S.K.: 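Below are the structure tokens for one structure; questions will follow.
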Amino acid sequence: MNLKELTIKQAHELLEKREVTSSELTRAHFDEIKKNDGDIHAFLSLAEEEAIESAKKVDARISKGEPIEMLAGIPVAIKDNILIRDIKATAASKILENYTAPYDATVIKKLKEEEAVFVGKTNMDEFAMGSSTENSAFGPTKNPAALDRVPGGSSGGSAAAVKAGFSVYALGSDTGGSIRQPAGFCGVVGFKPSYGAVSRHGLMAMASSLDQIGPITKCVDDAATVFEIIRGVDTLDSTSADREWQSYSDKPVDIEEIKFGVPREYFTHGLDPEIEKNIKSVISKLEKEGAQIEEISLPYSEWALAAYYIIMPAEVSANLARFDGIKYGRSKINKNEKLQNLLNIYLESRGEGFGAEARRRIMLGTYVLSAGYYDAYYAKAQKVRRLIKQDFTHAFKEVDAIITPTSPTTAFKFGEKTHDPLSMYLADIYTVSINLAGVPAISIPIKEVNGLPAGLQIIGNNFEDIKLLKIAKIVEDMSK
Ligand code: GLN
């Protein structure tokens, strides 16, 4: 039995049957971290002592014969932009280098109620801005599936941690693809729930109308397990939705009742022909098993990236205004006499604290929101956003789920796109419209391409997260 390869379900069963203890499970994951994280750099900080302590508590309950929660005693890694009380939270930014979280995010509270074991905080692109984890102020993460390649981003550390066996599952955040794209690059499952399904309280805001927290796991069943625990309305997040949710364990969907849409705009130039071949082969298998397949059109997809790179930086510029060198983290206050002037404190702290990509987006965002340009850029992008949402509303009148590639390519090499922001932005071509529309989507691994993992994305209708997960389970079985 290889403890570092266990799924949540397997780990839970072994704990219940007392075939393994949570302490053993936790130690096995830390052994793996010690052996390989020097190379991979999935973590920005580790919480070994606290983790062992939590594991022992669960073991004590098990030995008393108490029933345990589904996630109890199971090691999890958390992206560094999600707050865990009394643990450092830097969002991979120098400006928050010494920041310790004063409270728990709502998702963390829920995991604590489950008695989850927190292994540590994972590396990411600074403030979740990027597609490769190369924008981390603390150095990039390597892809465990190919060490010369990026793990994707911005939740690259979380995807790498799961792939490398450093934790059984992880949490990430997804504003334009940051859970799905790294999951695809590393060969694991990544799920972005419907906007509003999971509370964002305690997630450092990047672009508030797009951000969602979601799980990165080894299989679809595990993604559903974690989702069912972290979802739900929260008085601390007014955008969280109060819904009656179906249960994933209710009757499974029948493949013959599923109609899949395949959008023609997602299978054009720029897509690696080998990825296309592997996705098409999954689609024909589904068809052979009785699913209906229909070509559909999402005509406004073409404008998604342009709209995203206006709306997102606009929100980024507003959200990052709070990091002023006074309220949070790094500050140039009192260090130099000449800086004893409020404006200089802001300028010096922010100029030194933010990396190039954060600065680029703050400037872009303030520009598109400024008088005179607001209508030409921001207001127009919002109109395009509505049209993109309408594309999905129309499509879901016809189909149950939409299949696309997760990314146009497999994991690229370090440095390949760092000098050309636009080529980096193109890595998100298939993921951003989902955030603009607010619908749920999941990436699952399919057959490798030239030895590298590849991902297939399935998109569901708004708040049909459970139906999407059930469908994804069928596709997962078919992709093996
Ligand atoms: N890669 C995209 C960006 O750089 C998405 C990031 C995210 O989802 N957090 O904005």
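Predicted, not measured: the structure shown is a model, and the values here were computed from it. Numbering of ligands and ligand atoms starts at 1, following listing order. Throughout, numbering of the chain's residues begins at 1 and tracks the sequence.
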S.K.: Using the rule side-chain hydrogen bond (donor to acceptor under 3.5 Å, both in side chains), only one of Ser155, Ser158, Ser178 pairs with Lys79; which is it?
M.R.: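 Per the side-chain hydrogen bond (donor to acceptor under 3.5 Å, both in side chains) rule, the option paired with Lys79 is Ser155, out of Ser155, Ser158, Ser178.
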
S.K.: Using a 3.5 Å cut-off and no angle test, enumerate the donor-acceptor pairs between side-chain atoms of residues 225-235 and protein atoms at least two apart in sequence or in another chain.
M.R.:
{"residue": "Thr225", "atom": "OG1", "partner": "Asp221", "partner atom": "O", "Å": "3.0"}
{"residue": "Glu228", "atom": "OE2", "partner": "Tyr248", "partner atom": "N", "Å": "2.9"}
{"residue": "Asp234", "atom": "OD1", "partner": "Leu236", "partner atom": "N", "Å": "3.1"}
{"residue": "Asp234", "atom": "OD2", "partner": "Thr106", "partner atom": "OG1", "Å": "2.6"}
{"residue": "Asp234", "atom": "OD2", "partner": "Ser199", "partner atom": "OG", "Å": "2.6"}

S.K.: Quiz question: by atom type and distance under 3.5 Å, do the side chains of Thr409 and Asp272 form a donor-acceptor pair?
M.R.: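 There is no such pair (donor and acceptor under 3.5 Å, judged by atom type) between the side chains of Thr409 and Asp272.
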
S.K.: Could you tell me whether Asp237 and Arg200 have a side-chain N and a carboxylate O separated by less than 4.0 Å?
M.R.: yes

S.K.: Looking only at heavy atoms, is any part of Gln181 under 4.0 Å from ligand 1, and if so is it the side chain, the backbone, or both, or is it neither?
M.R.: neither

S.K.: Quick check on contacts: which atoms of ligand 1 are under 4.0 angstrom from a heavy atom of Ala128?
M.R.: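 Checking each atom against Ala128, I get 6 (C), 7 (C), 9 (N).
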
S.K.: Looking at Lys447, I want to see if its NZ is surrounded by more than 12 non-hydrogen atoms of other residues, nucleotides or ligands under 6.0 Å.
M.R.: no

S.K.: Rounded to the nearest 0.5 Å, how far does CD1 of Ile296 lie from CG of Leu298?
M.R.: 4.5 Å

S.K.: Which of these, Gly130, Gly177, Gly176, has its nearest heavy atom closest to atom 1 (N) of ligand 1?
M.R.: Gly130

S.K.: Centroid separation under 6.0 Å, is that true for the rings of Tyr103 and His201?
M.R.: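 That pair passes the under 6.0 Å test.
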
S.K.: With respect to atom 4 (O) of ligand 1, which of Glu357, Lys79, Met424, Arg361 exhibits the smallest heavy-atom separation?
M.R.: Arg361

S.K.: For ligand 1, which atoms have a heavy atom of Met206 less than 4.0 angstrom away?
M.R.: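 With Met206 as reference, the close atoms of ligand 1 come out as 9 (N), 10 (O).
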
S.K.: Relative to ligand 1, is Asp428 under 4.0 angstrom through side chain, backbone, both or neither, heavy atoms considered?
M.R.: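 It is the side chain that touches ligand 1; the backbone stays farther off.
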
S.K.: Under 4.0 Å from a heavy atom of Tyr308: which atoms of ligand 1 are those, numbered in the order shown and with their elements?
M.R.: 2 (C), 3 (C), 5 (C), 6 (C), 10 (O)

S.K.: For atom 7 (C) of ligand 1, what's the nearest protein heavy-atom neighbour? Residue, atom name and distance, please.
M.R.: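 Of every protein heavy atom, Ser178 OG, 2.3 Å lies nearest to atom 7 (C) of ligand 1.
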
S.K.: Is ligand 1 less than 4.0 angstrom away from at least one heavy atom of Tyr309?
M.R.: yes

S.K.: Need the ligand 1 atom indices (1-based, order shown) with element for anything under 4.0 Å from a heavy-atom of Asp174.
M.R.: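 Those of ligand 1 that fall under 4.0 Å from Asp174 are 8 (O).
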
S.K.: Measuring from non-hydrogen atoms of Met124 to any atom of ligand 1, is the shortest distance under 4.0 Å?
M.R.: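 No, Met124 has no heavy atom closer than 4.0 Å to ligand 1.
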
S.K.: Backbone, side chain, both or neither: what part of Ser154 comes under 4.0 angstrom of ligand 1, heavy atoms only?
M.R.: side chain

S.K.: Do we see a donor-acceptor contact under 3.5 Å between the side chains of Thr133 and Thr141?
M.R.: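 Short answer, no.
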
S.K.: Any N/O of Met129 closer than 3.5 Å to an N/O of ligand 1?
M.R.: no

S.K.: Evaluate Thr175 for polar contact with ligand 1, using N/O atom pairs at a separation under 3.5 Å.
M.R.: yes

S.K.: Name every donor-acceptor pair, under 3.5 Å, that has one atom in a side chain of residues 363-371 and the other anywhere in the protein, sequence neighbours excluded.
M.R.:
{"residue": "Thr366", "atom": "OG1", "partner": "Ile362", "partner atom": "O", "Å": "2.7"}
{"residue": "Thr366", "atom": "OG1", "partner": "Met363", "partner atom": "O", "Å": "3.1"}
{"residue": "Ser370", "atom": "OG", "partner": "Tyr367", "partner atom": "O", "Å": "2.6"}

